[in-house]
Protein chains: 2
Amino acid sequence: MKDPIQHLNKIFDSRIRIGIMSALAVNEKLNFNDLKGIMDVTDGNLATHLKTLEEHEYIKVQKGFVGRKTNTTYSITKAGHKAFTDHLNALEEIIKKMK
Amino acid sequence: MKDPIQHLNKIFDSRIRIGIMSALAVNEKLNFNDLKGIMDVTDGNLATHLKTLEEHEYIKVQKGFVGRKTNTTYSITKAGHKAFTDHLNALEEIIKKMK
DNA sequence: TTCATTACTTTGAAACACAAAGTGCTTTTC
DNA sequence: GAAAAGCACTTTGTGTTTCAAAGTAATGAA
């Protein structure tokens, strides 16, 4: 693949993952339900995508407690932010080329 | 999913398909080998993606002859151009939001 | 105590991606 | 002019990914 297209990141091929990343790019921390609300996916589906992103260290998970309830929040890592920005930049190039 | 993300088109989740569409958006007609060269994929892989795009009527195939040799060219349809543009516009929105 | 809810995790089927092998031509080479 | 090579895809089979639904383990409410 030529130039910008080869800079696209396979991980961000998925709409849901793009959604997660852009939500986390703008919001410092979000929990499972925030993300579920933003993207309108089923739990299992969201959990799988979150795990994939976590495995690639694009997001990190903080498991904690609010009182006695578990409280899990997700946030973007530095590497994740860079990877996502690179991806979007490549897309921007593609868009520019088309005009 | 909220606004721009829900306007992303599942068909364009694939890098190879984005490559095909942007190549065809800029070039009136391309043949199998042109596309293969642009994107550096295997034949089978490219053929599968082309077929998917064709099934969605985002591209059209013209089978003809140059002399005695078959000559197949691919071009983008009106619907394909619109769908792809919509997809890119949605991405543009996402990019803007992040800045 | 029992039932409901929350916040995920696991499961299993279906869809998809991919490389390699195959097909049906035409064109070259001997 | 028969065999080999090349071209332009198509088919096949495997491995991966996606997804919804069912499951689980904890807390909270009745």
Side-chain angles (χ1 to χ4, degrees), chain A residues 1 5-6 8-21 23-24 27 29-75 83 87, chain B residues 1 5-6 8-24 27 29-76 83 87:
Chain A
M1 294 188 208
I5 293 158
Q6 76 195 156
L8 293 176
N9 189 331
K10 200 171 186 314
I11 302 302
F12 303 133
D13 272 3
S14 149
R15 281 161 9 281
I16 296 170
R17 296 210 278 259
I18 289 177
I20 294 169
M21 291 304 284
L24 288 176
N27 301 281
K29 280 167 193 295
L30 292 171
N31 63 33
F32 194 85
N33 263 36
D34 294 335
L35 290 167
K36 205 171 79 165
I38 289 169
M39 255 129 25
D40 188 28
V41 266
T42 55
D43 292 10
N45 197 358
L46 176 57
T48 312
H49 287 300
L50 286 171
K51 185 178 276 189
T52 304
L53 290 172
E54 197 195 340
E55 279 165 7
H56 285 86
E57 301 189 5
Y58 287 168
I59 63 171
K60 56 180 184 289
V61 182
Q62 296 96 200
K63 301 226 174 210
F65 287 89
V66 171
R68 325 208 69 229
K69 284 189 64 178
T70 57
N71 178 263
T72 308
T73 59
Y74 299 88
S75 54
H87 183 78
Chain B
M1 294 187 207
I5 293 158
Q6 75 196 155
L8 293 177
N9 189 330
K10 199 172 186 313
I11 303 300
F12 303 134
D13 272 3
S14 149
R15 282 163 4 283
I16 296 170
R17 296 211 277 257
I18 290 178
I20 293 169
M21 292 303 286
S22 53
L24 288 177
N27 301 281
K29 280 168 193 293
L30 291 171
N31 63 32
F32 194 85
N33 263 36
D34 294 335
L35 289 167
K36 206 173 79 166
I38 289 168
M39 254 130 24
D40 187 29
V41 266
T42 56
D43 291 11
N45 197 359
L46 176 57
T48 311
H49 288 299
L50 286 170
K51 185 178 274 188
T52 304
L53 290 172
E54 197 194 340
E55 278 165 8
H56 284 86
E57 300 187 6
Y58 288 167
I59 63 172
K60 56 180 184 291
V61 182
Q62 294 98 200
K63 301 225 175 209
F65 287 90
V66 171
R68 325 207 70 226
K69 283 190 64 179
T70 57
N71 178 261
T72 308
T73 59
Y74 299 89
S75 54
I76 202 166
H87 183 79

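Lettering follows sequence order; numbering is per chain, from 1. Just so you know, these numbers use all the heavy atoms, side chains as well, and skip hydrogens, waters and symmetry mates.
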Worksheet item: Whole-Å distance between dC8(C) C1' and L46(A) CG?
Response: 10 Å
Discussion item. Counting the atoms with a prime plus P, OP1 and OP2 as sugar-phosphate, which does K63(A) contact under 4.0 Å by heavy atoms, base, sugar-phosphate, or nothing?
Written reply: sugar-phosphate
Worksheet item: With a 4.5 Å limit on heavy-atom distance, are the side chains of K29(B) and Q62(B) in contact?
Response: yes
Practice prompt. Using a heavy-atom cut-off of under 4.0 Å over every strand shown, decide if N33(B) touches base, sugar-phosphate, or nothing.
Written response: sugar-phosphate
Worksheet item: Whole Å only: how far is the CE atom of M39(B) from the C1' atom of dA19(C)?
Response: 16 Å
Worksheet item: Given that K10(A) and N45(A) both sit by DNA chain C, which one's nearest nucleotide is further toward the 5' end?
Response: N45(A)
Item to complete: To the nearest 0.5 Å, tell me how far K36(A) NZ sits from L50(A) CG.
Response: 12.0 Å
Fill in: 5' priority, DNA chain C, between S14(B) and A47(A) [closest heavy atom]
A47(A)
Worksheet item: About how many Å separate OG1 of T48(B) and CZ of R17(B), when rounded to the nearest 0.5 Å?
Response: 9.5 Å
Discussion item. For a quick test of reading the model: is some side-chain N or O of T48(B) closer than 4.0 Å to OP1 or OP2 of dC16(C)?
Written reply: no
Worksheet item: Do L46(B) and I20(B) come close enough that some side-chain heavy atom pair is under 4.5 Å?
Response: yes
Worksheet item: Rounded to the nearest Å, what distance is computed from the CG atom of residue D40(B) to the C1' atom of nucleotide dA19(C)?
Response: 13 Å
Practice prompt. Mind checking salt bridge (charged side-chain N to carboxylate O under 4.0 Å, His left out) for D34(B) and listing every partner two or more places apart, or none if nothing turns up?
Written response: none
Item to complete: Report the distance from atom CD1 of I20(A) to atom C1' of dC8(C), rounded to the nearest whole Å.
Response: 14 Å
Discussion item. Walk along nucleotides 21-26 of chain C from 5' to 3' and tag each nucleotide B, S or - by protein heavy-atom contact under 4.0 Å, base first, then sugar-phosphate.
Written reply: -----S
Worksheet item: When we call it a touch if two heavy atoms are under 4.0 Å apart, what does N71(B) touch: a base, just sugar-phosphate, or nothing?
Response: nothing
Practice prompt. Report the distance from atom NE2 of H49(B) to atom CG of L35(B), rounding to the nearest 0.5 Å.
Written response: 12.0 Å
Fill in: Trace of the side chain to side chain contact (heavy atoms under 4.5 Å, CB included) decision for Y74(B) with L24(B)
CA-CA 8 Å; Y74(B) 299 89; L24(B) 288 177; 4.2 Å; yes
Worksheet item: Should I76(B) and L53(B) count as side-chain neighbours, where that means a heavy-atom distance under 4.5 Å?
Response: no
Worksheet item: Taking atom C1' of dT10(C) as reference, at what distance in whole Å does atom NE2 of H49(A) sit?
Response: 16 Å
Worksheet item: How many Å lie between CZ on F32(A) and P on dT5(C), as a whole number?
Response: 18 Å
Fill in: Rounded distance in Å - CG (N31(A)) to P (dC8(C))
7 Å
Worksheet item: What are the two closest non-hydrogen atoms of S14(B) and D13(A), and how far apart are they?
Response: CA-OD2, 3.9 Å
Item to complete: Anything under 4.0 Å to a heavy atom of chain B counts; send over the first and last such nucleotide of DNA chain D, read 5' to 3'.
Response: dC7(D) to dC19(D)
Worksheet item: Do the ring planes of H87(A) and F12(A) sit parallel (below 30°), tilted (30 to 60°) or perpendicular (above 60°)?
Response: perpendicular
Discussion item. Tell me the interatomic distance from R15(B), atom CZ, to dC18(C), atom C1', rounded to whole angstroms.
Written reply: 12 Å
Discussion item. Of the options dA7(C), dA17(C), dT9(C), whose atoms approach the side-chain atoms of R17(B) most closely?
Written reply: dA17(C)
Worksheet item: When all nucleic acid strands are considered with a 4.0 Å heavy-atom cut-off, which category describes T52(B): base, sugar-phosphate, or nothing?
Response: nothing
